[in-house]
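Report on one structure; see the data block that follows.
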Amino acid sequence: MTVSADLDFYFDPVCPFAWMTSKWVRMVAEQRDYTVDWRFISLRILNAHIDYDAHFPPDYEAGHTAGLKLLRVAARVRADHGPEAVGPLYLALGRRIFDTASDGPATGAHQGSREFLEPILTDLGLPTELADALDDDALDDVLRAETDHALGLTGKDVGTPILHFQPPDGVAFFGPVISRLPKPDEAVHLWDHVVGLASFPGFAELKRSLRERPQLASFGVDPAATGVEEDWHGGSRRTKK
């Protein structure tokens, strides 16, 4: 008999806000002894109908495509090594993409390459042959089905992450979107408030488009600093026209 996790967390590995939320969720899971099932939602599949040039900054299509490629690998890792291998893979990818001090985040094309991925697989003790999945579009059927399932829980006008509380019968929401990582003693306090909102059957949305630039090295924001506030529209920093 398969026992559901306490939380299903749907992520795309190139989404900075999914990464911020995942770091917070890991803090809470450790303190509350929660189990998390790390599941897939592809921004590239989600935006398949979108004209990227008209709706997003120039680098978004390449980044979302890299996310799709990395999710193919994650799907192969799950199939070959079990769902418990996905969390460590996402952790390693996120640290490399967002938390590594460098000249900035790697380009989308590089993030979707063997050169980027193979050292991560080696560090995790996984075979580098898994990088073959980067270009295996047969895995897109799995990703599309999981993306559709996530959207079936929340509705389609959402992004990443999607959190499904106490699956399969609990409520699911897009977000929360956070730009700062709370301190350990604040993490559970924030969690309890989010769960409180999510548990009320009539609650649908709490949102604003003003966001601080994420507190991540890839965005040039020191972990002890606060990122500049920007107005995000449709999940991007493109100025609304």
Side-chain angles (χ1 to χ4, degrees), residues 8-19 22 37-98 105-162 164 172 174 218 234-236:
D8 286 347
F9 190 111
Y10 292 83
F11 71 93
D12 188 303
V14 300
C15 176
F17 292 105
W19 174 242
S22 77
D37 189 6
W38 302 96
R39 308 194 67 181
F40 314 137
I41 178 170
S42 168
L43 288 168
R44 191 64 187 84
I45 291 174
L46 191 64
N47 292 298
H49 63 293
I50 296 293
D51 180 348
Y52 271 82
D53 290 338
H55 289 83
F56 294 113
D59 58 335
Y60 266 54
E61 184 170 12
H64 287 181
T65 299
L68 173 62
K69 288 174 173 283
L70 293 173
L71 283 175
R72 291 170 179 166
V73 176
R76 177 56 62 202
V77 166
R78 185 172 67 183
D80 292 354
H81 299 273
E84 64 275 5
V86 176
L89 176 62
Y90 180 32
L91 183 63
L93 289 172
R95 285 174 171 171
R96 177 64 185 87
I97 293 171
F98 297 113
T107 64
H110 179 63
Q111 291 170 4
S113 70
R114 298 185 74 101
E115 179 185 6
F116 173 81
L117 180 63
E118 286 184 352
I120 294 173
L121 294 173
T122 298
D123 288 345
L124 292 171
L126 294 170
T128 56
E129 290 79 9
L130 287 165
D132 293 342
L134 287 167
D135 298 309
D136 186 0
D137 59 8
L139 292 163
D140 292 358
D141 288 342
V142 173
L143 302 178
R144 190 171 293 107
E146 202 143 316
T147 297
D148 288 345
H149 179 74
L151 297 181
L153 297 170
T154 61
K156 295 182 179 180
D157 188 21
V158 296
T160 57
I162 287 175
H164 187 186
F174 159 56
S218 63
S236 79

Value for CG (D53) from CD (E61), rounded to nearest 0.5 Å, stands at 7.0 Å
Looking only at heavy atoms, the pair that brings V14 and G63 closest together is CG2-O, 3.4 Å
One should read off an interatomic distance between R96 CZ and L91 CG, to the nearest 0.5 angstrom, of 14.5 Å
Q) Do the side chains of I97 and L70 get nearer than 4.5 Å, heavy atoms only? A) yes
In short, H110 meets F116 closest at the heavy-atom pair O-CB, 3.0 Å
ask   = For atom CG of D157, is the number of surrounding heavy atoms from other residues, nucleotides or ligands below 6.0 Å larger than 12?
value = no
Rounded to the nearest 0.5 Å, the NZ atom of K156 sits from the CG atom of D148 at a distance of 7.5 Å
Would you say the side chain of V86 lies within less than 4.5 Å of the side chain of F40, judging by non-hydrogen atoms?
-> yes
Would Y90 and S22 count as a side chain to side chain contact (heavy atoms under 4.5 Å, CB included) if you check the C-alpha gap in whole Å, the side-chain angles of each, and the deciding distance to 0.1 Å? CA-CA 9 Å; Y90 180 32; S22 77; 3.7 Å; yes
Point to revise | Min side-chain heavy-atom separation H81-L130 under 4.5 Å | key: yes
*Find out whether D80 and L126 are in side-chain contact, i.e. whether some heavy atom of one side chain is under 4.5 Å from a heavy atom of the other.*
no
Closest non-hydrogen contact found for A92 with I120 is CB-CG2, 3.7 Å
Review point. Can you check whether R72 reaches D140 side chain to side chain, under 4.5 Å on heavy atoms?
Key: yes
Of all heavy-atom pairs linking V77 and A85, the shortest is CG1-CB, 3.6 Å
Query raised in the report: Aromatic rings H149 and Y10: how do their planes relate, parallel, tilted or perpendicular, breaks at 30° and 60°?
Result: tilted
**Prompt:** Between T147 and S42, is there a donor-acceptor pair closer than 3.5 Å when you use the side chain of the first and the backbone of the second?
**Reply:** yes
Query raised in the report: Any side-chain heavy atom of L117 sitting closer than 4.5 Å to one from K69?
Result: no
Q: Go through F11 and L71 one step at a time and tell me if the side chain to side chain contact (heavy atoms under 4.5 Å, CB included) criterion holds.
A: CA-CA 9 Å; F11 71 93; L71 283 175; 4.0 Å; yes
Distance col, row T160:OG1 vs F9:CZ, nearest 0.5 angstrom, shows 8.0 Å
When rounded to the nearest 0.5 Å, the distance separating CG of L121 from CG of L89 is 7.0 Å
| query | Does any non-hydrogen side-chain atom of D132 lie less than 4.5 Å from one of R114? | reply | yes
Value for NE2 (H55) from NE2 (H49), rounded to nearest 0.5 Å, stands at 8.0 Å
Minimal heavy-atom distance between V158 and I162, with the atoms involved, is CG2-CD1, 3.9 Å
On a heavy-atom basis, the closest approach of P13 and L93 is CB-CD1, 4.2 Å
